[in-house]
Number of protein chains: 2
Amino acid sequence: MYRIMEKTEKSKKRESYHHGDLRAQLIEATRVLVEDKGPDHFSVSEACREAGVSTAAPYRHFKHKDEMLLAVTKEGMDRKYQRMVAAVEQHPEGSLERIVALGQVYVGFARDEPGVFRLIFGNTRDHKMHEGLMEDGPRHYGFVEGEVAAFLGRGGVDEDAKERAFMLWTFVHGLSFLLIDEKVSSTDHSFDLDRLLLQVARRVMIDSA
Amino acid sequence: MYRIMEKTEKSKKRESYHHGDLRAQLIEATRVLVEDKGPDHFSVSEACREAGVSTAAPYRHFKHKDEMLLAVTKEGMDRKYQRMVAAVEQHPEGSLERIVALGQVYVGFARDEPGVFRLIFGNTRDHKMHEGLMEDGPRHYGFVEGEVAAFLGRGGVDEDAKERAFMLWTFVHGLSFLLIDEKVSSTDHSFDLDRLLLQVARRVMIDSA
DNA sequence: TCGGCTATGTTAGAAACTCTAACTTTGACA
DNA sequence: TGTCAAAGTTAGAGTTTCTAACATAGCCGA
């Protein structure tokens, strides 16, 4: 699991009245708690205890609890996107490996940070409240569609490319949740993630429309 | 959305001290609230208001809040399973239509009862607390594997059948969540569920291993 | 250097929620 | 008919989110 271990100089017991870095530290505390207890068992109070401030302090930085979660969500989406871009760059343009790599990052992120993954893709009605969050999803997905179209050798993203991209998304999305919800044991000897991703990528990307 | 409208004779304002049907009525109230507000915004107090009893009353029937949700979960799984069996029976044995029908029920259930669907497949660590709930999942999934094997014309469920069944599950699972989480708009003119399910069923079930 | 403004802390407390304890009612059954 | 247990009730402890009113201090202009 993803952990940031570097602690700011004021991480424990500050001596000044003002904290100096509270907003960032609250977001980080929130992220850790979300991973530890799950998004629905996260409490503001606990984050405050963690950061060593009163329970009223966060409300100088966030309108309400959900805004803290949204901050973590946003930050998580950015991180996930960066991983996707980095993964793709390691393979030649238009190759199937790029597609597979995208799937690996998707599932990998879910397993590394299930809490944040849930925030990103779970019940997301309140994403609308966050500035820019609603735009990130389609933009990131557009990137995937572009890769799919590139593999197919099309000029642009046509209907067929969209459909195939959607099948792939659906697949890795479902797989991610089944894994983090422990509906399927990844330790099962017959479970081979890379093989499975390759299988699916082939079945979806190759042959007739 | 699924609604039970029949009201028991004591549904509103009972005159007797004892309720008579509280357990069942609380489960039903819980189910409705879970659909209306989502599983994580459900509160025992509200269910009590709904049923017209004090907030302490449920604790005669359930150990804690989660046990009420588990009851709804269990009941939902049973209902989902029945729908699956019923759907399959409408098509000839070993036909691809049976496979597609299973997918339709899966996604259909998610759309009809997103709240309960989330309970069944969401963060399910506490399913262990419920007697029998942990066994239901594998049993229902075994049924699907059987159908897949039947289509393939195998004697039993071999490794290949298992892998294909898993791909299908993963797909409909992901699709369900993307739909109920509004990551993809089902009203999009290019979105055709039946077509998509058939596409995927073909790609997964037909041709080389 | 000083005075004040504003950002960012604090404490106190309201309202909601989960769950327990102790009490009450009532149906069932010996 | 009398008693017990099941299943309600009220009271309240402890936690939570969030607001209001107050406190501190960093910064900035005179």
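Below, chains carry the letters A, B, ... as their sequence lines are ordered, and counting in each starts from 1.
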Student: For a quick test of reading the model: is some side-chain N or O of B:T55 closer than 4.0 Å to OP1 or OP2 of C:dC19?
Tutor: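 For C:dC19, neither OP1 nor OP2 has a side-chain N or O of B:T55 closer than 4.0 Å.
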Student: Report the residue (A:E46 or A:A56) whose heavy-atom-nearest nucleotide on DNA chain D is the more 5′ of the two.
Tutor: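 Its nearest nucleotide being more 5', the pick is A:E46.
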Student: When the distance from CG of A:L33 to P of D:dT17 is rounded to whole Å, what number comes out?
Tutor: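 Atom CG in A:L33 sits about 11 Å away from atom P in D:dT17.
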Student: Testing the basics here: between A:G174 and B:H173, what is the closest heavy-atom pair and its distance to 0.1 Å?
Tutor: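 Between these two residues, the closest heavy atoms are O-CD2, 3.6 Å.
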Student: Quick one: on DNA chain C, does B:R60 or B:D66 contact a more 5' nucleotide (nearest heavy atom)?
Tutor: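 That would be B:D66.
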Student: Side chain of B:V44 only, please: which of D:dT16, C:dT18, D:dC18 is the nearest?
Tutor: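 The answer is C:dT18, which lies nearest to the side chain.
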Student: For A:Y81, is the NZ or CZ atom of A:R139 found under 6.0 angstrom from the centre of its six-membered ring and inside 45 degrees of the ring axis?
Tutor: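 Yes.
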Student: When you check the gap from the basic side-chain N to the acidic O, do B:R164 and B:D158 get nearer than 4.0 Å?
Tutor: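 No, no charged N to carboxylate O under 4.0 Å.
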Student: Measure the distance from CD on B:E67 to P on C:dT18 and round it to the nearest whole Å.
Tutor: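 Nearest whole value for this atom pair: 15 Å.
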Student: Using whole Å, what does the distance between atom P of nucleotide C:dT18 and atom NE2 of B:H41 come to?
Tutor: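 One finds 13 Å between P of C:dT18 and NE2 of B:H41, rounded.
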Student: Take the protein atom NZ of B:K37 and the nucleotide atom C1' of C:dA16, then report the distance between them rounded to whole Å.
Tutor: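 Taking NZ of B:K37 and C1' of C:dA16, I get 13 Å after rounding.
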Student: When you get a sec, tell me which of C:dT18, D:dT9, D:dT16 is the closest nucleotide to the side chain of A:R49?
Tutor: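 Between C:dT18, D:dT9, D:dT16, the one nearest the side chain of A:R49 would be D:dT16.
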Student: For the ring pair B:F109 and B:F121, is the centre-to-centre distance below 6.0 Å?
Tutor: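 No; B:F121 has its ring centre 6.0 Å or more from that of B:F109.
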Student: State whether A:H61 places a side-chain N or O below 4.0 Å from either non-bridging phosphate oxygen (OP1 or OP2) of C:dG9.
Tutor: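 Answer yes for this pair, as a side-chain N or O of A:H61 is under 4.0 Å from OP1 or OP2.
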Student: Please state how far atom CZ in A:F62 lies from atom P in C:dG9, giving the value in whole angstrom units.
Tutor: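 Distance check: A:F62 CZ to C:dG9 P gives 11 Å.
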Student: Looking at B:S43, I'd like to know whether one of its side-chain N or O atoms comes within less than 4.0 Å of OP1 or OP2 on C:dC17.
Tutor: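 Yes.
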Student: Test salt bridge (charged side-chain N to carboxylate O under 4.0 Å, His left out) on B:D112 and B:K80 and set out the steps.
Tutor: CA-CA 11 Å; B:D112 289 345; B:K80 174 160 170 291; over 6 Å; no
Student: Measure from OH on B:Y59 to P on D:dA13 and round the result to the nearest Å.
Tutor: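 So the OH-P distance, B:Y59 to D:dA13, works out to 17 Å.
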Student: Measure NZ/A:K65 against C1'/D:dT17 and give the value in whole Å, please.
Tutor: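 That distance rounds to 8 Å.
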Student: Check the distance between D:dG8's P and B:Q25's CD and give it to me in whole angstrom.
Tutor: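 Value for this atom pair: 10 Å.
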